[in-house]
Amino acid sequence: MNTLSILLLILLSGSVITYSIDSLNRKLTGITAFIVALVASVYFFATAYNGLAENLQVGGFTLQWGVTPIGMYFLYIVLGLSVLALLYSVKYMEGKARLGYFYGSFLMTVLGMTGVALSRDFISLFIFWEIMTWASFLLLIYNAYYNVKTEGMKYMVFSAIGAYAMLTAIVFIHKYYGTFMIGEAIDKGAFDFMKHAFIPVFFILGFAIKAAVMPFHVWAPPGYSKTPMSFTAVFSGAMSKMGIFGIALILSTFYVLQNFEAYFFTQVLAWLGGITAVMGTIYALIQTDAKRLLAYSSIAQLGYIVVGLSTGTKLGVMAALYLAVMHAVFKGALFMVAGAVEKQAGTTDMTKISGLIRRMPWTFFVALVSIIALAGVPPVGGFVGKWLLYEALITESNNYFLVIVIFFSSTAAFLYAYRFLFGLFLGQEEKETENVKEAPASMLIPMVILALIAIVTGTMPGLIFKPAAEAMQSIGFDNVNWQMSSLSNVWGNMTDLNLIGILIAVVFVLIFLFLTFKGKKNTRYVGTKDISSSGELWKEGENWTFQQDFFKPFERAASPLYKFDMNKIWQDLGDALEAFFGFARKIYTGNGQTYAIFVIAFLAILILFKDYIFG
Amino acid sequence: MEGIGFKILGAFLTSILAFSVGMLYGGLRRKITARTQNRVGPPVYQNFIDLMKLQGKTHNIAHGFMGHMAPMWIIIAAMTVLMFIPVLHNGLWFDNLTFKGDLIFLLYMMVFGSLGMALGAGQSGNPNSAIGVTRGLSLMVGYEIPFVLSLVAIMLQFHTTSIQDFMHYQYETGRWLVFENPFAFAAALLSSLGMFRYSPFDIVGAPAELASGPVSEFGGKYLGTMMTGGAVFAFIKLVLLVDLFLGGAGNVEVEGIAGTLLGLGELLLKTFLLYMIPVFIGLVSPRYRTEQAIRFFWKWPTLLGIAAVIWALFHPVQ
């Protein structure tokens with residue numbers, strides 16, 4: 001037994017213990033789950049090192065687990081975010097039903113993700129992938145206990161399609177190359193497009209479904225918004241990254257091979273990522289529920305990451321890996337914010353609540369920092385990812401028009417970013433929210449930690465570049481350059497984040513002192529209802545906050561884009577299949593005569609075409 | 001000529017220059033508008049008087065934390081962007097930090113102020129402010145597309161993302177980018193109409209419709225600070241276009257203080273002529289609706305931007 005099996009055992013037994021402890025003491029359930037995850041992470045990061053590996057013989061198969069730099073990179077995301085989310089979860093889930101079920105499945109999902117990142121062979125990859133999928137499915141239907149069919153169906157169907165595609169590819173790899181080891185398969189060229197194009201395509205299909213790439217994203221909006229928010233932070237922040245992890249592994253073999261078919265395929269994938277980004281963004285900005293807004297925004301952000309990976313250049317892959325961490329940080333924080341608002345104010349419907357900034361100032365601070373990171377505005381960490389992505393697309397790839405698609409999406413992202421902050425925290429205060437309190441400390445601490453990470457990486461992105469560069473070197477890139485706090489592209493242009501940070505800080509301090517202390521005594525702080533109303537009289541109890549049809553003009557301007565609805569296309573496909581099978585079922589007439597005709601027809605076909613069939 | 005003191009003095013001079021030019025141009029616009037409407041109009045230094053009045057108010061009203069922060073964000077964005085834009089080609093005094101940031105950074109930094117403004121306006125609780133903000137953000141999605149297309153076009157054509165390199169190229173060869181890639185200039189110019197937000201794109205402030213929109217709840221020191229930031233931003237937009245497409249300024253071969261003054265003269269001439277384009281269009285235009293404005297930018301300017309990218313691919317300059 002070494003570190004890896006102990007780590008997986010801790011998580012597995014922790015899951016079982018947490019499940020059973022619920023019936024003994026409900027209060028302890030959440031704390032136990034948090035402690036298990038914390039112990040597992042601390043133990044792992046204290047003892048694991050690159051190259052650590054372990055073999056396990058099970059029924060004639062060799063299972064191999066090992067620590068690779070890229071696996072390690074994703075484990076930082078998975079374990080780090082899970083620990084924070086579980087700490088947040090203790091108070092968030094307080095008083096809810098079926099806690100054992102929730103935390104047991106939560107730890108099981110963490111086990112699945114950890115296993116996927118550690119797998120060195122296809123068998124354990126597939127097993128852990130399925131553990132992850134099933135456990136997350138249980139969490140997805142947690143809030144829809146009596147309504148499973150409508151809520152969980154899409155996730156189930158798409159996950160199943162992805163899993164079958166992966167399984168088929170794994171079986172064929174074994175048939176053609178006689179191995180289940182990932183490294184060996186790559187060395188033998190299993191993902192080479194020229195040999196068997198369907199193998200990489202099937203794998204990427206499986207991974208892309210988890211990464212919510214268009215057109216396989218339809219499970220994500222209900223999935224991300226219906227799950228309890230403490231898990232959604234991990235669901236969107238870390239679990240979708242497992243799809244990214246897989247895509248990165250497959251695509252990294254393409255970068256080495258450099259043949260035209262692979263290039264063509266990565267271009268298709270890049271454009272799918274671009275379209276994902278645009279569609280996710282424009283659907284995010286018409287949502288009225290904060291959770292759904294964040295769900296669509298997650299889809300859009302994953303689109304950027306897929307675009308970065310598909311460029312296949314150093315800067316592009318670096319951008320993708322950086323954005324993967326950044327997205328986990330700010331989207332984790334934002335889902336936690338939505339959860340805090342839901343817990344404290346009762347709803348996240350932005351047409352119902354407004355003006356929470358005075359009630360929940362710390363939550364607002366976290367939301368503000370994360371939204372700035374999401375929008376990619378300096379001096380917060382999200383900007384670095386955007387910079388790398390644009391520079392990669394402009395300087396290193398031939399996708400000039402993809403730049404515009406991405407830019408459109410990230411400019412339109414300001415719209416929903418503002419919608420989120422305004423809808424929940426700004427505007428006039430409601431009478432109903434007068435008694436709303438700030439979230440408890442154990443919910444705030446993980447949120448604030450994530451926000452601080454976003455701020456620090458704004459001036460010192462090197463903290464993330466270092467493991468990212470190691471990860472890239474392990475998938476075939478040489479000499480990945482990075483600096484602690486400056487960015488540079490292949491044309492030799494650079495952006496110095498240190499200077500920017502200092503400049504902003506200096507200007508901020510000066511102007512802050514000026515504005516705050518100038519006429520401080522005579523500055524009157526008034527409420528949000530004390531406004532110039534252009535002559536209209538404000539009645540008691542009225543709320544004038546602008547919340548309905550927030551971006552109607554934009555919706556009108558971009559109306560052609562809104563006509564395209566993937567849900568409807570899948571629904572139509574489903575209906576068509578149902579009709580076809582309904583028709584095909586009719587061959588069973590129940591009449592012996594008909595069956596006799598079938599037998600004769602079958603024999604006739606055999607006789608007529610025997611040369612073609614038996615060659 | 002290094003030294004931190006010298007740098008700070010230079011930064012200070014640049015800020016003063018940007019502030020006074022921006023304010024003066026604003027006054028000129030008011031005067032020109034008045035004269036075309038057959039009024040006498042305010043004096044050209046009216047904006048300075050307005051600012052002094054606003055900053056001199058003894059009583060101020062704040063609507064909360066974000067309302068207090070919004071003017072600061074505008075100033076931070078304005079100052080940061082200003083420090084990264086080369087004002088003169090050979091201007092020792094106006095060099096600042098121009099080598100330390102590139103165009104992509106500037107694009108994103110310019111949004112920082114608008115975001116702060118939007119949040120401050122949102123907190124005031126005035127519905128007109130929020131409507132103005134949503135219009136402004138929507139409009140931004142409109143004009144950023146052709147603007148970025150034009151920037152991408154010239155970046156591809158010249159294989160650089162640094163403004164310094166563009167200025168240097170124009171100085172060395174004497175060929176301005178407006179001739180090297182006319183489509184890019186056309187697209188950038190059309191999108192700058194949206195950036196200045198004069199008619200027909202004055203949908204954000206929308207006089208007589210939204211009661212001046214986002215700023216409607218700000219007054220006194222807050223409005224004054226915003227006005228300062230706005231003036232600096234007007235200067236920044238003009239200088240950016242001049243630097244990128246019209247050869248920049250300070251190209252005359254005269255040593256010492258006289259050369260700097262000549263360069264500043266060149267800069268004022270070019271920026272003023274450029275500034276007159278949105279002003280004159282604004283004088284004769286009614287107001288678009290928001291969706292019409294967005295559609296406008298997604299139509300001809302975007303096509304011009306695409307043409308610019310294609311042009312850039314066929315006319316690479318190494």
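All chains are named by letter (A, B, ...) in the order of the sequence lines, taking the proteins before the strands, and each is independently numbered beginning at 1.
Contact of Met69(B) with chain A is made through the side chain alone, with heavy-atom distances under 4.5 Å. Of the atoms belonging to Phe508(A), heavy atoms from both backbone and side chain fall under 4.5 Å from chain B. With a threshold of 4.5 angstrom between heavy atoms, Leu119(B) approaches chain A through its backbone and through its side chain. For Leu103(B), no part sits under 4.5 Å from any heavy atom of chain A, backbone or side chain. The part of Ala375(A) that comes within reach of chain B is its backbone (N, CA, C, O), which places non-hydrogen atoms under 4.5 angstrom from that chain. Only the side chain of Tyr390(A) has a heavy atom closer than 4.5 Å to any heavy atom of chain B. Residue Arg358(A) touches chain B through its side chain alone, counting heavy-atom pairs closer than 4.5 Å. In this structure, chain A has a heavy atom under 4.5 Å from the side chain of Val152(B), while its backbone stays farther away. Heavy-atom distances place both the backbone and the side chain of Gln55(B) under 4.5 Å from chain A. If you measure heavy-atom distances from Thr516(A) to chain B, the contacts under 4.5 Å come from both the backbone and the side chain. In this structure, chain A has heavy atoms under 4.5 Å from both the backbone and the side chain of Gln123(B). Neither the backbone nor the side chain of Leu510(A) has a heavy atom closer than 4.5 Å to any heavy atom of chain B. Proximity to chain A is limited to the side chain of Thr225(B), based on heavy atoms less than 4.5 angstrom apart.
The distance between the ring centers of Phe364(A) and Phe65(B) does not fall below 6.0 angstrom.
Taking CD1 from Ile371(A) and CG from Leu115(B), the interatomic distance works out to 9.0 Å, rounded to the nearest 0.5 Å. A distance of 13.0 Å separates CD1 in Ile500(A) from CE in Met83(B), rounded to the nearest 0.5 Å. Here Met155(B) contributes atom CE and Glu391(A) contributes atom CD; the two are 7.0 Å apart, rounded to the nearest 0.5 Å. Expressed to the nearest 0.5 Å, how far OG of Ser114(B) lies from OH of Tyr418(A) amounts to 12.0 Å. We find the NZ-OG1 distance between Lys552(A) and Thr134(B) to be 12.5 Å, quoted to the nearest 0.5 Å. Considering NZ of Lys518(A) and OH of Tyr222(B), their distance stands at 10.0 Å, rounded to 0.5 Å.
At least one donor-acceptor pair closer than 3.5 Å links the side chain of Arg295(B) to the backbone N or O of Ala557(A).
Interface remark: of the candidates Ala118(B), Gly142(B), Gly220(B), Ala118(B) forms the most heavy-atom pairs closer than 4.5 Å to chain A. Annotation: maximal heavy-atom pairing with chain A below 4.5 Å, among Leu139(B), Leu156(B), Ile294(B), Thr80(B), occurs at Leu156(B). Comparing Ile306(B), Ile145(B), Asn126(B) by heavy-atom pairs within less than 4.5 Å of chain A, the highest count is held by Asn126(B). Contact count versus chain A (heavy atoms, under 4.5 Å) is highest, among Val309(B), Thr290(B), Ile131(B), for Ile131(B). Top candidate by heavy-atom pairs under 4.5 Å with chain B, chosen from Trp544(A), Phe407(A), Phe551(A), is Phe407(A). Contact count against chain B (heavy-atom pairs under 4.5 Å) is highest for Tyr400(A) among Phe425(A), Tyr400(A), Phe512(A), Phe383(A). Taking chain A as the reference chain and counting heavy-atom pairs below 4.5 Å, the highest number among Arg135(B), Met79(B), Glu217(B) is found for Glu217(B). Counting heavy-atom pairs closer than 4.5 Å to chain B, the top residue among Leu515(A), Ile394(A), Thr545(A) is Leu515(A). Of the residues considered (Phe514(A), Phe422(A), Phe414(A)), Phe414(A) shows the highest number of contacts with chain B, using heavy-atom pairs under 4.5 Å. Contacts with chain A were tallied for Glu144(B), His68(B), Lys57(B); His68(B) has the most, counting heavy-atom pairs under 4.5 Å.
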- Message: I'd like to know whether Met109(B) forms a side-chain contact (heavy atoms from CB on, under 4.5 Å) with Ile504(A), so could you lay out the CA-CA distance, the side-chain angles of the two residues, the decisive distance to 0.1 Å, and finally the verdict.
- Response: CA-CA 11 Å; Met109(B) 198 63 217; Ile504(A) 288 178; 3.6 Å; yes
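Among the candidates Trp298(B), Phe297(B), Phe147(B), the single residue satisfying the ring-ring contact (aromatic ring centres under 6.0 Å, His included) test with Phe408(A) is Trp298(B).
Pro378(A) is listed as a side-chain neighbour of Phe105(B), based on a closest heavy-atom distance under 4.5 Å.
Judged by distance alone, the side chains of Thr411(A) and Tyr143(B) never bring a donor and an acceptor atom under 3.5 Å apart. Asp102(B) and Trp387(A) share a donor-acceptor pair across their side chains, judged by distance under 3.5 Å alone.
Counting all heavy atoms, side chain and backbone alike, Pro127(B) lies closest to Phe546(A) at O-CB, 4.4 Å.
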